[in-house]
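Quick notes on the structure that follows.
Naming: A, B, ... by sequence-line order, numbering from 1 per chain. Heavy-atom basis, side chains included; hydrogens, waters and symmetry copies ignored.
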Protein chains: 2
Amino acid sequence: MKKSEMKSEEIARLAGVSRSTVSRVINNYANVPPETRAKVMKVIQDHNYYPNVSAQVLAGKRARTLGLFLIEPGGVSSDILTNMLIVSVIENASSHGYYVLTHIIRDTADTDTIRSVREIFFQGRIDGGIFIGAADREPLIDDLIREGFMVGVMDQEQPIPCQPNRIAAIFNNTSGMKQAAAYLAELGHTRIGVINGDMNRLSGRTKYEGYMQAMETEGLKVNPAWVLGGSFHENSGCNAVKKLLHCEKHDLPTAIIAANDSVAFGAIRALKEHGLRVPDDMSIIGFDDHPLSARHHPALTTLQVDFSEMLGQLTSKLIARIEHPDEAIHDITAEYTLIVRESCRRI
Amino acid sequence: MKKSEMKSEEIARLAGVSRSTVSRVINNYANVPPETRAKVMKVIQDHNYYPNVSAQVLAGKRARTLGLFLIEPGGVSSDILTNMLIVSVIENASSHGYYVLTHIIRDTADTDTIRSVREIFFQGRIDGGIFIGAADREPLIDDLIREGFMVGVMDQEQPIPCQPNRIAAIFNNTSGMKQAAAYLAELGHTRIGVINGDMNRLSGRTKYEGYMQAMETEGLKVNPAWVLGGSFHENSGCNAVKKLLHCEKHDLPTAIIAANDSVAFGAIRALKEHGLRVPDDMSIIGFDDHPLSARHHPALTTLQVDFSEMLGQLTSKLIARIEHPDEAIHDITAEYTLIVRESCRRI
DNA sequence: CTGAAAGCGCTTACAG
DNA sequence: CTGAAAGCGCTTACAG
């Protein structure tokens, strides 16, 4: 095991000052004359000295580490999007001098899992945590917030009264669904179905509600047989369409809005397998602008949202809150932009 | 900021023992009678006590944290594979009770980057690090190893004499190339080209060398004009083929081995753009079995390798070395398996 | 502007 | 089997 022999005492000795002064230089305190600072800095650099982080934290400094908790019930994350999210958090944190400890949660109800997540917070390994993929009301997260930990959450509602140590980043799904429905209506569609996401997730609910509202706005009626259950995963899109095709052979919608692009991919696969073509026989629109959507056949029309920007903001705000607990911080709302490609046709 | 009031002294008081005994229970030392242990454990659990990790580390325990360093010159990692690698490391580490601090390196030559990486090691944040995507000889890594830190590296050669604190996981590219060439030869190909990977990476070199050897084994002659430069990225495959098509219009190979599947995707894209079809006009074979290869059009024939298994092993061995520095540990070699799909045809 | 000293919350020889 | 005490390497009032 490596053990650096350099410590602040040694630096102090070499620079001819006390450990207090070395500490003041390291922490960039104002009351150190430039010459003293320069002298100490030189010794620090010449000897490749890095203060021991455990000692710093124990003495009251921040760990400068964030926890990133990915909730993924479905086995290994095979989604490029997940990767974008991780990278966005890490790079943003890094730009603030913070490190990221990533943890994968398979089952938020499992006792061992809960214990290990709580441990990360209670051990003092991190200054705050970011949760991705959580249900809208997740006891594990609610408990941590109640216990005073700083958390950032993607896609959760801010409860009322709002909690100062919870920062939320949400999607404007109402607007997204309105854009989707308006676009389809403009193409002449009146028979529009939807494949829902996971209803335990905030986006699942708000997308569904957005769809209902949007249909009303467009003056279109909702056929309950065309409101399909799903889970945000590709397979759920495939299954939903299979079921639709099986049950409603003679009364099909002409367009389907999918809860996200993965679901849309699955839906298109199922349609193809049944000999139906997109967009000739059915128009499909997705959400997210998944990295694969532009290269899909047909290229997928979708509502794009900037995940990197969103998570970057969430990370920045979480760090800001950690460093200045009293500053007011507003939640983040991500907007959708319609990207027209080839999966919808005029009828 | 959250501050847990519980400390070992408080647990000791409540359990009617000394802090020493509490520590012995936490660290599972043998010399504690079952009744004492039970008594202490109960207090610990009842009060949701988690020892402060900084204090533990400062007092000499391990941080139980691994650094994961992803070297990705090319902007945001858009590759699903990267995600699989990250997840494999995190889950394996987690199964050993270790956490993973992930860091992204854009430029291994940048002074600030080098500083921040070295800082992670010297600060004592981690017990060891895993590097992915490094050049075969990477000074940043070599320095850390020389300084005594424990590192695991994917795709680097073990120098001679071998260093006890470097664990390497490499690919059997010789065998992979042999399988590729043998398969193509068996289909009747004699004109076989190659798109190389990044020659600074071990796999870049060994794949090229493997290709040369394999061609000799098959008794085929290598046309230097069909040995194309590349970089393991999709665009390099596209560019390589464009150049080939441009320069060698009338003397083309009938098959190309790509350094990996991404390169193969790019190559196929370029061929399509020039009106050539795969496999009708050109056979293509890749390496890795990228998650998208099975769904590609045409489905890509490739040499599959189990990255999850490989990185899981690397992680396990690194942790084993951290915990038992003197135990002998062998390097890891990953083998390729030919997966025949639709991108090669008999001629 | 600066140093001596207390303290952060643990672990671990040491002595019994 | 168990406790008192020293020590891990920092930071930060406190006093000057």
Side-chain angles (χ1 to χ4, degrees), chain A residues 1-41 43-44 47-65 119 121-125 127 323, chain B residues 1-41 43-44 47-65 119 121-125 127 323:
Chain A
M1 281 274 52
K2 181 67 187 51
K3 173 123 204 166
S4 169
E5 315 82 61
M6 247 329 135
K7 27 182 161 179
S8 73
E9 194 170 5
E10 185 68 1
I11 298 294
R13 200 179 57 73
L14 292 167
V17 298
S18 72
R19 282 145 71 220
S20 314
T21 299
V22 172
S23 179
R24 287 186 189 105
V25 170
I26 286 167
N27 291 292
N28 240 309
Y29 290 162
N31 54 352
V32 182
E35 309 83 61
T36 311
R37 180 181 305 280
K39 188 173 58 179
V40 174
M41 281 306 282
V43 179
I44 287 177
H47 292 78
N48 246 285
Y49 167 69
Y50 297 88
N52 180 298
V53 76
S54 297
Q56 290 181 305
V57 172
L58 192 56
K61 304 302 260 187
R62 286 185 205 97
R64 299 187 81 77
T65 307
E119 186 176 53
F121 283 87
F122 278 96
Q123 282 186 331
R125 282 183 184 272
D127 303 310
E323 306 201 327
Chain B
M1 279 277 50
K2 180 68 186 52
K3 173 123 203 167
S4 171
E5 316 81 61
M6 247 328 136
K7 28 183 159 179
S8 74
E9 192 169 7
E10 185 68 2
I11 298 294
R13 200 181 55 75
L14 292 167
V17 298
S18 71
R19 284 144 70 221
S20 314
T21 299
V22 172
S23 178
R24 287 186 188 107
V25 169
I26 286 166
N27 292 292
N28 239 309
Y29 289 162
N31 53 353
V32 182
E35 310 83 61
T36 311
R37 179 180 306 279
K39 186 173 59 177
V40 175
M41 281 306 282
V43 178
I44 287 178
H47 292 78
N48 245 286
Y49 167 70
Y50 296 87
N52 180 299
V53 77
S54 297
Q56 289 183 305
V57 173
L58 192 56
K61 303 302 260 186
R62 286 187 205 95
R64 298 188 81 77
T65 307
E119 187 176 52
F121 282 87
F122 277 96
Q123 283 185 329
R125 283 183 184 272
D127 303 311
E323 307 201 326

Please report, rounded to the nearest Å, how far the P atom of C:dG9 is from the CZ atom of A:Phe122.
-> 15 Å
Smallest separation among heavy atoms of A:Ala63 and A:Asp127, with atom names = N-OD1, 3.0 Å
Where each pair must be Watson-Crick or G-U wobble with both distances under 3.5 Å, what dot-bracket representation of DNA chain C is obtained, with crossing pairs in [ ] and other-strand partners as |?
-> |||.||||||||.|||
Should A:Asn52 and A:Lys7 be marked as a side chain to side chain contact (heavy atoms under 4.5 Å, CB included) after you check the CA-CA gap, both sets of side-chain angles, and the distance that decides it?
-> CA-CA 8 Å; A:Asn52 180 298; A:Lys7 27 182 161 179; over 6 Å; no
First locate atom NZ of A:Lys39, then atom CD1 of A:Ile44, and finally report the distance between them rounded to the nearest 0.5 Å.
-> 12.5 Å
Which residue, B:Ser54 or A:Thr36, contacts DNA chain C at a nucleotide closer to its 5' end, judged by nearest heavy atom?
-> A:Thr36
Donor-acceptor pair, side chain of B:Arg24 and main chain of B:Arg37, under 3.5 angstrom = no
Can you give one letter per nucleotide of nucleotides 10-16 of chain C, 5' to 3': B if a protein heavy atom sits under 4.0 Å from the base, S if only from the sugar-phosphate, - if neither?
-> BBBB---
Count the heavy atoms belonging to other residues, nucleotides or ligands that lie under 6.0 Å from CD of A:Glu323, then report whether that count exceeds 12.
-> yes
Check whether any side-chain N or O of B:Asn27 sits under 3.5 Å from a backbone N or O of B:Tyr29 as a donor-acceptor pair, and report yes or no.
-> no
When rounded to the nearest Å, what value does the distance between C1' atoms of C:dG16 and C:dT12 take?
-> 16 Å
May I have the distance from B:Gln123 (atom CD) to D:dC8 (atom C1'), rounded to whole angstrom?
-> 17 Å
Chi angles and distances behind the salt bridge (Lys or Arg N to Asp or Glu O under 4.0 Å) call for A:Arg13, A:Glu10 | CA-CA 5 Å; A:Arg13 200 179 57 73; A:Glu10 185 68 1; 2.9 Å; yes
Classify the side-chain pair B:Arg125/A:Thr65 by whether it contains a donor and acceptor separated by less than 3.5 Å.
-> yes
